[in-house]
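In what follows, every chain begins at residue 1, and chains take the letters A, B, ... in the order their sequences are listed. It should be emphasised that the depicted structure is a prediction, and the values quoted were computed from it without experimental measurement.
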Number of protein chains: 2
Amino acid sequence: MVLPRAARTQRRTRIQEEKEERILEAALEVFSLHGFRGATVDQIAEVAGMSKPNLLYYFRTKEAMHRALITRVLDTWLDPLREFDAAGNPVSEIRSYIRRKLEMARDFPRESRLFANEMLQGATNIEDELKGPLKSLVDEKAAVIRAWAKAGKIARCDPYHLIFSIWSTTQHYADFDVQVRAVLGQEKAGDGRFEDAARFLEQLFINGLEVRDAAP
Amino acid sequence: MVLPRAARTQRRTRIQEEKEERILEAALEVFSLHGFRGATVDQIAEVAGMSKPNLLYYFRTKEAMHRALITRVLDTWLDPLREFDAAGNPVSEIRSYIRRKLEMARDFPRESRLFANEMLQGATNIEDELKGPLKSLVDEKAAVIRAWAKAGKIARCDPYHLIFSIWSTTQHYADFDVQVRAVLGQEKAGDGRFEDAARFLEQLFINGLEVRDAAP
DNA sequence: TGATAATTTGACCGGTTGGTAAACATTACA
DNA sequence: TGTAATGTTTACCAACCGGTCAAATTATCA
């Protein structure tokens, strides 16, 4: 047969799994750095250490590779938000959400940049994902936050913009890493910058969301 | 003569000014959407409404266009931070800095995305600008913030990470516009989202930076 | 107006792009 | 072991890429 590729016969070969893994790893490297249009199949093949036709045997087109990559990464990327627990203590939930997001920015910067590139370029490939699963998840957690505010456990605030601001402040350390390093300078740009960031952001959000005297 | 181009004879023609303006406008449109590598000269020429050789008459290379664009935009992009006034009232300075940055995200989203693309892709073209003028400016304003903290006018905090968090939260509404709209949904994604964001961010930063009981 | 400089264009170039065809090599498994 | 399915490679293609060139057109100004 000539066309088994990703269109499996039934179950994936060991070789298929290994190679697809290597390809997606290389694709992450390249797409996250140059975006979809700026990335080239040749470059991905080179990083993956295989010939271009070989790569195209597993993923028929550049777009198919990109789709597969996005789908896989998006899922794990949303895990921290899923863990956000309605039954937990608001302050510690928010604190640990910030911490988890910051850890992801530190440990998986390429994944963060992949999405950032996607958003910047209009997100035409994942708009459905955004309007569907992502929106639902955020709606759900926004309701939790709103309930906390209503119960007087945290200050009243727009839960959506709260989530946005946690996303943006934490992902900043992955997406704008070059700028962060340049501004901090050599002495402050070491690994400690994530600890400093965590300390600052926790202070900002915890104090910023503390309950105030309500206007009558 | 054959090569006056941007290498001016002495003063620029009216035609030169107009065309260079049109080209940079088109370049902003395309570069901000696709990044340097993803953008094509043909596409920029099409958006600018002129032939490719004509465009290359004004800017010899794609890189020259990009450089000219970055240089021009970077300068105005930093204006809000320059206005940050040491003599002013800390709370109102921070408040109005947030507001100005948010207005820029609303009114000049392409400029914001241009830089975001640049950062994501390693910023090799502007690394010097970052380590030089940008770092100096931030260092200067960080000193101001530190002084405010020491004087007990705002809470003690890392001034660099404070600036980063203002940058990221505000620029988020330009760079991740697609995501913001998708998550907010049709009813909340109208123009009012900037007002909502401003209200939330002011609350977050003003409360978050309010002076607390100092640990001894 | 005429001549000179500035601008615009169509045709073109070598290199790269995403992708294909088919021959060849390897693996799985009866 | 044999053989069919799976995996890999070499050679290649048309389209597109950034950029050049010389000829044609338009603006400038003495």
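End-to-end axis angle of the helix from C/dT1-D/dA30 to C/dA30-D/dT1, using five pairs per end and rounding to 10°, comes to 10°.
As a whole-Å value, the separation of B/E46 CD from C/dT9 C1' is 17 Å. Here the P atom of nucleotide D/dG7 and the OH atom of A/Y58 are 5 Å apart, to the nearest Å. Rounded to whole angstrom, the span from the NZ atom of A/K52 across to the P atom of D/dA11 amounts to 14 Å. Between the NE2 atom of B/H34 and the P atom of D/dC16 there is a distance of 15 Å, rounded to whole Å. Straight-line distance from the CD atom of A/E18 to the P atom of D/dG7: 11 Å, rounded to whole Å. Following rounding to the nearest Å, A/L56 (CG) and D/dC13 (C1') show an atom-to-atom distance of 14 Å. Atom CG of B/D42 and atom C1' of C/dC12 are 14 Å apart (whole Å). Between B/R60 atom CZ and C/dT7 atom P there is a gap of 14 Å when expressed in whole angstrom units.
A/Q16 has no side-chain polar atom (N or O) that falls below the 4.0 Å cut-off from OP1 or OP2 of D/dT6. Taking 4.0 angstrom as the limit, A/N54 places a side-chain polar atom (N or O) nearer than this to OP1 or OP2 of D/dT9. Within the structure, every side-chain polar atom (N or O) of A/Y57 is placed at least 4.0 Å from both OP1 and OP2 of C/dT20.
Remark: B/F108 CZ is loosely packed, at most 12 non-hydrogen atoms of other residues, nucleotides or ligands lying under 6.0 Å away. The neighbour count for B/E187 CD, taken as heavy atoms of other residues, nucleotides or ligands under 6.0 Å away, is above 12. For B/K135, the NZ atom is densely surrounded, since the number of other residues' heavy atoms within 6.0 Å is greater than 12.
Relative orientation of the B/F115 and B/W77 rings is tilted, given thresholds of 30° and 60° on the angle between their planes.
Among residues at least two apart or in separate chains, salt bridge (Lys or Arg N to Asp or Glu O under 4.0 Å) pairs with a member in residues 34-44 of chain B are B/D42-B/K52.
Closest to the side chain of B/P53, from the set D/dG18, D/dT8, C/dT9, is C/dT9.
Base engagement by B/S51 is indicated by at least one non-hydrogen atom pair under 4.0 Å involving a base atom. Contact annotation for A/K19: backbone-only contact, meaning every heavy-atom pair under 4.0 Å involves sugar-phosphate atoms and none involves a base. As judged by a 4.0 angstrom heavy-atom cut-off over every strand, B/A39 is placed among residues touching the sugar-phosphate backbone only.
Applying the ring pair (Phe, Tyr, Trp, His ring centres under 6.0 Å) criterion to A/H161, with sequence neighbours excluded, gives A/F164, B/Y173.
Side-chain atoms of B/K62 stay outside donor-acceptor range of the base of D/dG19, with no qualifying N/O pair under 3.5 Å.
For A/Y160 and A/W167, the distance between ring centers is not under 6.0 angstrom.
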